[in-house]
There are 2 protein chains.
Amino acid sequence: MNAIPATLLQQTEQLSESVTRPIPGSRKIHVEGSRPDIRVAMREVALSQTPTLFGGEANPPVSIYDPSGPYTDPAVAIDLAAGLAPLRAGWIEERGDTERLAALSSEFGRARESNAKLDSVRFPNRALPRRAKAGFNVSQMHYAKRGIVTPEMEYVAIRENQRLDAVREAHLLMQHPGESFGANIQKIITPEFVRDEIARGRAILPNNINHPESEPMIIGRNFLTKINANIGNSAVSSGIAEEVEKLVWAIRWGGDTVMDLSTGKHIHETREWIIRNSPVPIGTVPIYQALEKVDGRAEELTWEIFRDTLIEQAEQGVDYFTIHAGVLLRYVPLTAKRTTGIVSRGGSILAKWCLAHHRENFLYTHFEDICEIMKAYDVAFSLGDGLRPGCLADANDAAQFGELETLGELTKIAWKHDVQTMIEGPGHVPMHLIKENMDKQLRECGEAPFYTLGPLTTDIAPGYDHITSAIGAAMIGWYGTAMLCYVTPKEHLGLPNRQDVRDGIMAYKIAAHAADLAKGHPGAQVRDNALSKARFEFRWEDQFHLGLDPEKAKEFHDETLPKDAHKVAHFCSMCGPHFCSMKITQDVRDYAAEKGVADEAAALEAGMAEKAAEFRAQGAQVYRKE
Amino acid sequence: MNAIPATLLQQTEQLSESVTRPIPGSRKIHVEGSRPDIRVAMREVALSQTPTLFGGEANPPVSIYDPSGPYTDPAVAIDLAAGLAPLRAGWIEERGDTERLAALSSEFGRARESNAKLDSVRFPNRALPRRAKAGFNVSQMHYAKRGIVTPEMEYVAIRENQRLDAVREAHLLMQHPGESFGANIQKIITPEFVRDEIARGRAILPNNINHPESEPMIIGRNFLTKINANIGNSAVSSGIAEEVEKLVWAIRWGGDTVMDLSTGKHIHETREWIIRNSPVPIGTVPIYQALEKVDGRAEELTWEIFRDTLIEQAEQGVDYFTIHAGVLLRYVPLTAKRTTGIVSRGGSILAKWCLAHHRENFLYTHFEDICEIMKAYDVAFSLGDGLRPGCLADANDAAQFGELETLGELTKIAWKHDVQTMIEGPGHVPMHLIKENMDKQLRECGEAPFYTLGPLTTDIAPGYDHITSAIGAAMIGWYGTAMLCYVTPKEHLGLPNRQDVRDGIMAYKIAAHAADLAKGHPGAQVRDNALSKARFEFRWEDQFHLGLDPEKAKEFHDETLPKDAHKVAHFCSMCGPHFCSMKITQDVRDYAAEKGVADEAAALEAGMAEKAAEFRAQGAQVYRKE
């Protein structure tokens, strides 16, 4: 333990104080599955009673999907240097198809391990990794295809359902029928449905056997739309402890997976700290690290260096790898006349390599070798869109769509190996060209989950690209994208700070939820309905607690009306005490109910005239001066 | 002049210092029309030369639509107490169909005028208002129907074109063909087209003859999508000077019209200050003030009080009135079973009045009387959606759509009187139900401009409703909405401060522009293309200046890389100096150009192998350590 530097321990202290406090109004609950070690974490928001004026009824609690892990659970003591409890360890071991290694398989990994200079930044006491026994395939897709429902799949089913049964009787389930564009939306998610979707390739459950700390989640168009948050240092900034803090912060606000895009000096050690402390799947772009190993000289990259990097990261527990295997030599010149060329970092590295060697992309030629590695650890593919458009002008061009077709080919190869696969998508696309992306992806890639960056719907708003892209993200999510990669306000300008991460995640939680509503995902509207009811009834605290960001909502409210009394007041700050439409509505409601005219134009039938005078008397009271 | 309070004069000073500085990188230009008094203001962003590395060419300046008025023009001295120059006064007078009144026509207006206690807050030296001579109709629609192209219409045509000719040769016009859903998008906007659209009722040019300070603008689906920003005090906060500051702030960031929703004590005087200093059309909801005149007792409202309020405001120069004439008695009980009832303030006031009297809405029964007033001053209708949904659950219901059908009937009556008319729309609507709103509005209201509030696409994000609603706004703008009413982050929670106003406007400028791009509005992509080209070429300052918010973009950039040198650096802060995809792209481009393989898969034909070694040598340089 003395290897842990003092600064890092201080950060650990800070973590528990600032970013791990419970989310206001929520408590952590665990829903048990078919066996006691399946305990699915959710947040539950308890609601207050409706004021007597509005009916006085009790309001059932609302369950909220919660990727924040044990950090928001006051019952769990957090020790970053120990890592999270290995929730899935037993499930992995009991399958009997993996073995603990005697040593790291990666040459680079072993070199880091034995380098005493790194003791001060190394995660302490890491157990050796596991790998599939010879001849075994340990991917969830492999199990699924063989008809096995794993505990991970059951966990996911419970998680996706969000205890809808608890509100089924409370009218909160009232929901508009959606338009799902051919998605297969279920009323109830069963473990068998989860299995079937994974077997079909239509969903992935990314969890490396070396990341037993992760809480299973699923990415697929027939499930809740997920979001990814990127963290990562760069040559310009950041350190290890800061990255772990970013992870905890990102999942607190709702990041479903986190990509570690670090390119700095202690990339290997940073990643270890992150994975050991992450309850969500971690994705990486291994080519970034491979490039560092050749001092940034893309043309010196080799399959051997890349292969060692994949194994190094797989044995740390990375859950999905972005692999730019679709950047083919013949597509590269198609980008020459673009307005912004190749904007993907991975894409440009591979393009450079291809041109320098005048050979086909080695990720493409070694794709089946990569599959062999993926299935030995259950790492999922995130097939990178190295040729995605970097501006509206370049959207949906020959380079982009050529690559997408190649990703379709590769998906079929990955599926042959039972390797879970999702497909990355753009980028910058005007609204009217978004659907074409989705339709083509579904067609070319056999409905493998689409994982898009935005898309940004205009290029003219640097400083606000979380919004330009949330518009596109909501739409493509509706059309069928399974996971939305967030964009922060700093996109194109600088590195996001904590506030930028929060703003980016919020914009994407909105986009993902708007997509679920439009698709008609079962129960998606429960939270909207409960919040709207609370809003109408002036239950301010309930409104805050049901919101995506209870802290911000309360803070904004208090800016105008800081007094505690106002949070139970039957008026709101916008209109003041004498002028409130909600109040008038309640009068309308009382009146209509009394007259039995609530339902239809029966209103006109009923003789309302004789009640008018009486109503006027009541009404005068409503507006009396206080 | 001694009537002006000292505090107000101080505010005037502050105004010129803080919110009137020129927008970075822009200069105000004026494009002259067919006569010297038609001088259309725009912003012009001059761009630097492309660095030699990327070709070294000159980049033409980009013109930007600019509603900020003289405030951002260093050549104009601002004196709030004098008001803006009456740009349109000559045009109004030369038509010879109006006369200056000898006294205010409104009883209330006269009472305020003669109340010495109000001297300290009254706008000084206001000239008496004008009105149509007996028997005349002074609406732009009336002129348009008679085939007259007014200077206002010509101004608008020049304004909408944004000097596209200046960039036509520069490849910046390259643009994806749009999907306009049946809109009649023109390549060039001619004054005759403007006239025709106004005559047809498909666009409005809101400018009261008593608001000669306004710079003509147009609202219609075949023109650029506009946005409205709301300002206004309430019982809880604000004062006169603060409201004028808000106006200037709102148009600085791009508000095309501003609605003054004040409900406070000096509502009449505040409005006068705002109109005299506003270069954009001002809208109001007259029922708010009428309600104040009866001390908040909705049931005591009368046609006479309302009529006097309309005349009072029309003679001040309000350009459009929200009139909730579609809240019919028979629709009111349809809201009783809603989750959030009636959320429109105006709607609930009228609903209450209807129920209290068991009579039809007096705005409906007096609609033709209202038309008579509107055409005497050229005030446009904004037919209010008093029954708009206040949550997703209530979207597209019988009450909402019943009212919309009535607004369609009223539109036809207004058109019979040659009164310009637009229609207000929701509200809270999930994405998949948005298009139905637009389609029904176009059908019922004969393509009269739609003016929507968002819509918000989910209810669960209090504190972020500028984003939940920007998603819906972008979509409905694409489908055909002519003007988008902004929503700030404080919606549902409190009164927006200056930062909230800026954030709300930015979200809506994004939505409006995304809509223009998707519709294929001519030249909409020019700014995106120019900004993307600047981004690719690391012309940081140009990127900031072309953005919607140059100040924020620069501020964000400088947080990560504050040194001035970095703003000309050929790398950006995200990836650091050794790892830049843009740089690699330029290599690809140089290579492809050299080989003549820029265009098609000809790339593979060309023997690239012999160049590989040479390229590798060049490439190694790109990544050399600095």
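By convention in this document, chain letters (A, B, ...) are assigned in the order of the sequence lines, proteins followed by strands, and residues within each chain are numbered from 1.
Between Arg535(A) and Pro462(B) the shortest side-chain heavy-atom distance falls below 4.5 Å. The shortest side-chain heavy-atom distance between Ile510(B) and Ile460(A) does not fall under the 4.5 Å cut-off. Counting heavy atoms from C-beta outward, Phe536(A) and Thr339(B) have side chains that stay 4.5 Å or more apart.
Only the side chain of Leu531(A) comes within contact range of chain B, with heavy atoms under 4.5 Å apart. At a 4.5 Å heavy-atom cutoff, the contact between Asp500(A) and chain B is made by side-chain atoms alone. Contact annotation for Gln175(A): neither backbone nor side-chain heavy atoms come within less than 4.5 Å of a heavy atom of chain B. Proximity to chain A involves both the backbone and the side chain of Pro489(B), based on heavy atoms less than 4.5 angstrom apart. Using a 4.5 Å cut-off between heavy atoms, Met431(A) touches chain B through backbone and side chain atoms alike. For Asp516(A), no part lies near chain B; criterion is any non-hydrogen pair under 4.5 Å. Contact annotation for Ala524(A): neither backbone nor side-chain heavy atoms come within less than 4.5 Å of a heavy atom of chain B. Only the side chain of Gln525(A) comes within less than 4.5 Å of a heavy atom of chain B; its backbone N, CA, C and O stay farther away.
Checked by atom type and distance alone, the side chain of Ser532(A) never pairs as donor or acceptor with a backbone atom of Asn529(A) at under 3.5 Å. With hydrogens and angles disregarded, no donor-acceptor distance shorter than 3.5 Å links the side chain of Glu555(B) to the backbone of His557(B).
Interface remark: of the candidates Gly463(B), Ala518(B), Ala470(B), Gly390(B), Ala518(B) forms the most heavy-atom pairs closer than 4.5 Å to chain A. The candidate from Thr468(A), Ile471(A), Asp528(A) with the greatest count of non-hydrogen atom pairs under 4.5 Å with chain B is Asp528(A). If you tally non-hydrogen atom pairs under 4.5 Å between each of Met475(A), Lys509(A), Gln543(A) and chain B, the highest count goes to Met475(A). With chain B as the partner, the residue from Thr457(A), Asn396(A), Leu392(A), Leu433(A) showing the most heavy-atom pairs under 4.5 Å is Leu392(A). Counting heavy-atom pairs closer than 4.5 Å to chain A, the top-ranked of the candidates Glu179(B), Met506(B), Lys533(B) is Met506(B). With chain B as partner, the option from Ala393(A), Ala395(A), Cys391(A), Gly347(A) having the largest number of non-hydrogen pairs under 4.5 angstrom is Ala393(A). No other option in Arg359(A), Lys552(A), Lys519(A) has as many heavy-atom pairs under 4.5 Å with chain B as Lys552(A).
Of all non-hydrogen atoms in Asp394(A) and Gly341(A), the two that sit nearest each other are OD2-N, 3.9 Å. Residues Pro177(B) and His432(A) approach most closely at O-NE2, 2.8 Å, considering heavy atoms.
In this structure, CG on Leu517(A) lies 4.0 Å from NE2 on His513(A), to the nearest 0.5 angstrom.
Shown here are the ring pair (Phe, Tyr, Trp, His ring centres under 6.0 Å) partners of His428(B), two or more places apart in sequence or in another chain: His492(B). Contacts of Asp549(A) classified as side chain to side chain donor-acceptor pair (under 3.5 Å), with partners at least two apart in sequence or in another chain: Arg502(A), Tyr464(B).
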